[in-house]
2 protein chains.
Amino acid sequence: MPTYKYPRPSLTVDCIVFGLDAELELKIMLIKRDIPPFEGEWAIPGGFVRMDETLEQAALRELQEETGIQNVFLEQLYTFGDLGRDPRDRVVSVAYYALINLVEQKVQASTDAREAYWFPLSKIPKLAFDHDQILQTAITRLRSKIRYEPIGFELLPRNFTLSQLQKLYEIIWNRSLDKRNFRKKILSMDLLLDTGEVQHNVSHRAAKLYQFDETKYLQLKDKGFNFEV
Amino acid sequence: MPTYKYPRPSLTVDCIVFGLDAELELKIMLIKRDIPPFEGEWAIPGGFVRMDETLEQAALRELQEETGIQNVFLEQLYTFGDLGRDPRDRVVSVAYYALINLVEQKVQASTDAREAYWFPLSKIPKLAFDHDQILQTAITRLRSKIRYEPIGFELLPRNFTLSQLQKLYEIIWNRSLDKRNFRKKILSMDLLLDTGEVQHNVSHRAAKLYQFDETKYLQLKDKGFNFEV
DNA sequence: TCAAAAGTGTTGATCCTACACCCATGT
DNA sequence: ACATGGGTGTAGGATCAACACTTTTGA
């Protein structure tokens, strides 16, 4: 057991995992706590940072262990360190947020013995610790970041329609957008690759499927281009 | 001496302090380290987080102790936790940045026995630890945040001229702006209070002095207004 | 043939950019 | 009188917001 001259806060990472399902519903993953404190309540995935891993590695490891998620978009959100946020001890938590698509990434919610489920954003129960606050921060970040960075594509399948992309923005911003103006804006950036494919088995005109051209985006960005919706 | 079941990284806060002097030069405060590691090299102010203070309180305390600065704009920047960023030990650092005006806030650089100086951004020496990276992150944040939030006023004296405000943006963005367009944009937001005062002892036409109307800004923001330069 | 979503252009208003001269002050 | 920065308006181009109908597909 290590001893230190001065007491140290303990350090955790916690992760808000946003997932978009086939019906374009935005959800987050919550885990039911099976030990005190807050036993039986819902919390976001997370855990202690080990000595031999970076913060990002810790977040990825926890995601992998608790949800089986791999290869995910992950970004640091904010560090929460108020006194009393954990009733046992002084705990500082570096929060991350992740974006995944639930159609292509089959996430087995329950892995350990623990219960883990996807909750629609509109039906989030009261959360353990200060996880409500972390979630609020993550939603705010997502709302503003999706405007200036092409991170929305992380939530969609690799091939997607323009209507799906528009609906994603409408869901996240909670307001409707004009279809023609949205398409003009997006297509004028010239960052979508027309796959030549269309939807199948839809009982209406089949929409074209596009891919986000990340290579092109990175090139343009180097030259000073700014993504903005 | 406390003992823990598992080893814990130690936790520090570090702070990039931006100061704007009378000549509108943008500087940051650096402290010469008087103990290993990196003894004799320059570093940004910072120190360990105590058990009975929040992260922000720790940052404010360190600023007060090392530079005498009080009542300062302070915002969390990013948390740095790579392995090996401190050669002694695993240290995770929550970085903050602060903005102050050096004309009205007389900052006694040297307080402890330690040497502390203001360095112009163009003449920053090689820094200890990963402080170069922290500085880069802070500059990038400042550049983008000043566009969408009225934080530039924190660097100016309470009363300032439009030319001073414009020069501040030019310095931070490292490009020149059109005088007439800049004034139109800023004044059209109707957030500057005309103090009725003018400059004194200048060998040219005296410029009007303005104040940022924070109360009005907060009201407008509530109604959905977005500051943007 | 019906329902449901895909796809497509124009117009007026607004905002942005580029640009040059006179004014007030201290030396 | 001169040097220095303060202060002001306009016009053309680009961008944004508002708006409705035809097309394709499966049931």
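Proteins come first, then strands; the chains are lettered A, B, ... in the order of their sequence lines, and each starts at number 1.
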Rounded to whole Å, how long is the line connecting atom [atom1] of [X] with atom [atom2] of [N]?
X	N	atom1	atom2	value
B:Ile186	C:dC16	CD1	P	12 Å
A:His204	D:dT22	NE2	P	20 Å
B:Leu209	D:dG6	CG	C1'	12 Å
B:Tyr210	D:dG7	OH	P	6 Å
A:Glu23	C:dA5	CD	C1'	16 Å
A:Lys208	D:dT25	NZ	P	13 Å
B:Leu187	D:dG7	CG	C1'	11 Å
B:Leu177	C:dT17	CG	C1'	12 Å

Got B:Glu62 and B:Tyr96 here, is their nearest side-chain heavy-atom distance under 4.5 Å?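 A side-chain contact is absent here, since even the closest heavy-atom pair is not under 4.5 Å.
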Test item: A:Val92 and B:Val92 side chains (from C-beta on) under 4.5 Å apart, heavy atoms: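 Side chain of A:Val92 against side chain of B:Val92, heavy atoms only: no contact under 4.5 Å found.
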Of the listed nucleotides [options], the one nearest the side chain of [X]:
X	options	result
A:Ser203	D:dG7, D:dG26, C:dT8	D:dG26
B:Lys185	C:dG7, C:dC16, C:dT27	C:dC16
A:Asn181	D:dA18, C:dC19, C:dA6	D:dA18
A:Ala207	C:dG7, D:dG26, C:dG9	C:dG7

Check: B:Tyr210 ring centroid to B:Phe212 ring centroid under 6.0 Å: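 No: the rings miss the under 6.0 Å criterion.
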State yes or no: are the ring centers of A:Tyr148 and B:Tyr148 separated by less than 6.0 Å?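 So the answer is yes for these two rings.
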A:Ser163 side-chain N/O to C:dA6 phosphate OP1/OP2 under 4.0 Å: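 It does, given that an N or O in the side chain of A:Ser163 lies less than 4.0 Å from OP1 or OP2 of C:dA6.
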Is any side-chain nitrogen or oxygen of B:Arg180 closer than 4.0 Å to OP1 or OP2 of C:dC19?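 For C:dC19, neither OP1 nor OP2 has a side-chain N or O of B:Arg180 closer than 4.0 Å.
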What is the nucleic acid contact for B:Lys184, judged by heavy atoms within less than 4.0 Å: base, sugar-phosphate only, or nothing?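 Base contact - B:Lys184 has a heavy atom under 4.0 Å of at least one base atom.
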Which part of the nucleic acid, if any, lies within reach of A:Lys179 when heavy atoms closer than 4.0 Å are counted: base, sugar-phosphate only, or nothing?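 Base, at least one base heavy atom under 4.0 Å.
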Applying side chain to side chain donor-acceptor pair (under 3.5 Å) to A:Ser93 and A:Asp14, what does each step give before you reach the verdict? CA-CA 6 Å; A:Ser93 175; A:Asp14 286 310; 2.7 Å; yes
How do A:Asp178 and B:Ala206 order along DNA chain C: which one's closest nucleotide is nearer the 5' end?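 Residue closer to the 5' terminus by nearest nucleotide: A:Asp178.
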